[in-house]
2 protein chains.
Amino acid sequence: MDAIEVARARGSRKRTRIQAENEEKILDAALEVFSRFGFRGATVDQIAEKVGMSKPNLLYYFRRKQDIYTAVLTRTLDMWLAPLGDMSEDGDPETELVGYIRQKLEQSRDKPQESRLFIGEILQGAPHLDKVLKTELKDIVTEKAAVIRRWIADGKLIPVDPVHLIFMIWATTQHYADFDTQVRAVLGKGMNNPATFRAASDTVVNVLMRGILPGR
Amino acid sequence: MDAIEVARARGSRKRTRIQAENEEKILDAALEVFSRFGFRGATVDQIAEKVGMSKPNLLYYFRRKQDIYTAVLTRTLDMWLAPLGDMSEDGDPETELVGYIRQKLEQSRDKPQESRLFIGEILQGAPHLDKVLKTELKDIVTEKAAVIRRWIADGKLIPVDPVHLIFMIWATTQHYADFDTQVRAVLGKGMNNPATFRAASDTVVNVLMRGILPGR
DNA sequence: GGCGTCCTTGACCAAAAGGGCAAGAAAAAT
DNA sequence: ATTTTTCTTGCCCTTTTGGTCAAGGACGCC
């Protein structure tokens, strides 16, 4: 086995154009399928068909179903957690929180599948994400909870449990992605409709802000 | 074919004790499995094993996987929608809404699997429930939205979009069932812990009520 | 334009999954 | 106690699904 073979065996060879393109197409299709049916409910054939590629070809890029799932999950994860990180302690609580809520609502409108992918994973008991939840997620929540606590101490917010407040924000915003089907059944339209998006935003922002900002 | 055979073919014969018992045990096990893996991710063998029964025996009671799923879904549905119906126009808005929120939170604590079963169905696009969502659910939401609108007209509530307010209540309460795994990862404990339940209730009730009740 | 590597797929395989059947074991009815 | 009905399971079948393999075709580099 020469050096090149070793390198290739380790997967450390330079990625070709075709590789990059196809891997991305695969992950997009996989996101669609996994977000609808969960890991166990999704089939490799289904993903392959959605990509317009033979199954063996798909498996040339990702050898196991697991690998596809893990790849799409990790690809999504950072993007998903980002908004919370944006929330800065220095700013005005109202501005910061409203900004965060708006970002999450935009995510629900623009990236609903990503949201559904996570809930599918959570429903199963988060077998592939358990570690991340208990470390990275927990850490960032603890950190932001501290920020909220300081705002409360400064009298800028009503006293509330910060973690449960974060849960409320997550719940109310992600609802529009996760329960999209239900929202559409009741409302007749979804978040892609500007009026619906505005009504949802206004309601969520107003009620939550009125609920935690002091005075009046 | 005599009368009895005809009756049996129609399934209209009296249910025996064993039938009642086993069907219930099956539906319980099916709820567990379907709520974790969704319709497609669940397997009949898995359910059979959970019941402690051979697969052919299980299929003696429910001939197809579909039938099990439909049965557990409809069994859960009424129970699930009930609390909304309890909300009466005559009462005081605060009492009624707080009561509703509390009931939903208790549901999340006591019947989390039922909640997860629904979200699994919704994620798939509600293929088995679409009709119900667009009729019964939509109707009851419209009805309750009218009640809320009247409360607003009477100055008993701040002006908010009633439907989105209902969504917020659903989202914040069901979150504790659907995201149980995540809640546990962050908090270290779930809603079965009395302190957690109290903290969640207080936060949700306080923030929402403060967010929509007028004055002060 | 030739050559080595990468890409693609048809054919195939083993395991898992939905479901049927017939025959024996338990219950119920007589 | 016998007969009838209901319950239960071992065995089998078919389809689906995850995954392999060998061989042909495309690509990129000299």
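Every chain is numbered from 1 and lettered A, B, ... according to where its sequence line falls, protein lines coming before strand lines. Note that the structure is predicted; figures quoted are calculated from it, not measured.
Atom CD1 in B:I68 sits about 14 Å away from atom P in C:dA17, given to the nearest Å. For the pair B:E23 CD and D:dT8 P, the interatomic distance rounds to 11 Å; values are reported in whole Å. Between the CD1 atom of B:I18 and the P atom of C:dA25 there is a distance of 16 Å, given to the nearest Å. Atom CE of A:M53 is separated from atom P of C:dT9 by 7 Å (rounded to the nearest Å). Rounded to whole Å, the distance from CD on A:E49 to C1' on D:dT16 is 14 Å.
In this structure, B:Y60 reaches the D:dC7 phosphate: one of its side-chain N or O atoms is under 4.0 Å from OP1 or OP2. Taking 4.0 angstrom as the limit, B:N22 places a side-chain polar atom (N or O) nearer than this to OP1 or OP2 of D:dT8. Taking 4.0 angstrom as the limit, A:N57 places none of its side-chain polar atoms (N or O) nearer than this to OP1 or OP2 of C:dC7. Remark: A:T16 is in phosphate contact with C:dC7, judged by side-chain N or O atoms under 4.0 Å from OP1 or OP2. Contact annotation: B:Y61 side-chain N/O to D:dT8 OP1/OP2 distance is under 4.0 Å. Residue A:Q19 places none of its side-chain N or O atoms closer than 4.0 Å to OP1 or OP2 of C:dC6.
Under the 3.5 Å distance criterion, with hydrogens and angles disregarded, no donor-acceptor pair is assigned to the side chains of B:Q174 and A:H175. A donor-acceptor pair shorter than 3.5 Å can be found between the side chains of B:S115 and B:D178.
Not one N or O on the side chain of B:R109 forms a donor-acceptor pair closer than 3.5 Å with the backbone of B:N192. The backbone N or O of B:I122 sits less than 3.5 Å from a side-chain atom of A:T181, completing a donor-acceptor pair.
Closest to the side chain of A:R17, out of C:dC6, D:dG28, D:dT8, is D:dG28. Of the candidate nucleotides C:dC7, C:dT9, D:dT8, D:dT8 has the atom nearest to the side chain of B:S54.
Partners of A:D67 under the salt bridge (charged side-chain N to carboxylate O under 4.0 Å, His left out) rule, at least two apart in sequence or in another chain, do not exist in this structure. In this view, A:D86 satisfies the salt bridge (charged side-chain N to carboxylate O under 4.0 Å, His left out) rule with no residue, not counting sequence neighbours.
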Which parts of nucleotides 18-24 of chain C does protein reach within less than 4.0 Å, heavy atoms only, written one letter per nucleotide 5' to 3' as B for base, S for sugar-phosphate only and - for none? BBBB---
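A salt bridge links B:D180 with B:R184: the closest approach of a Lys/Arg side-chain nitrogen to an acidic carboxylate oxygen falls below 4.0 angstrom.
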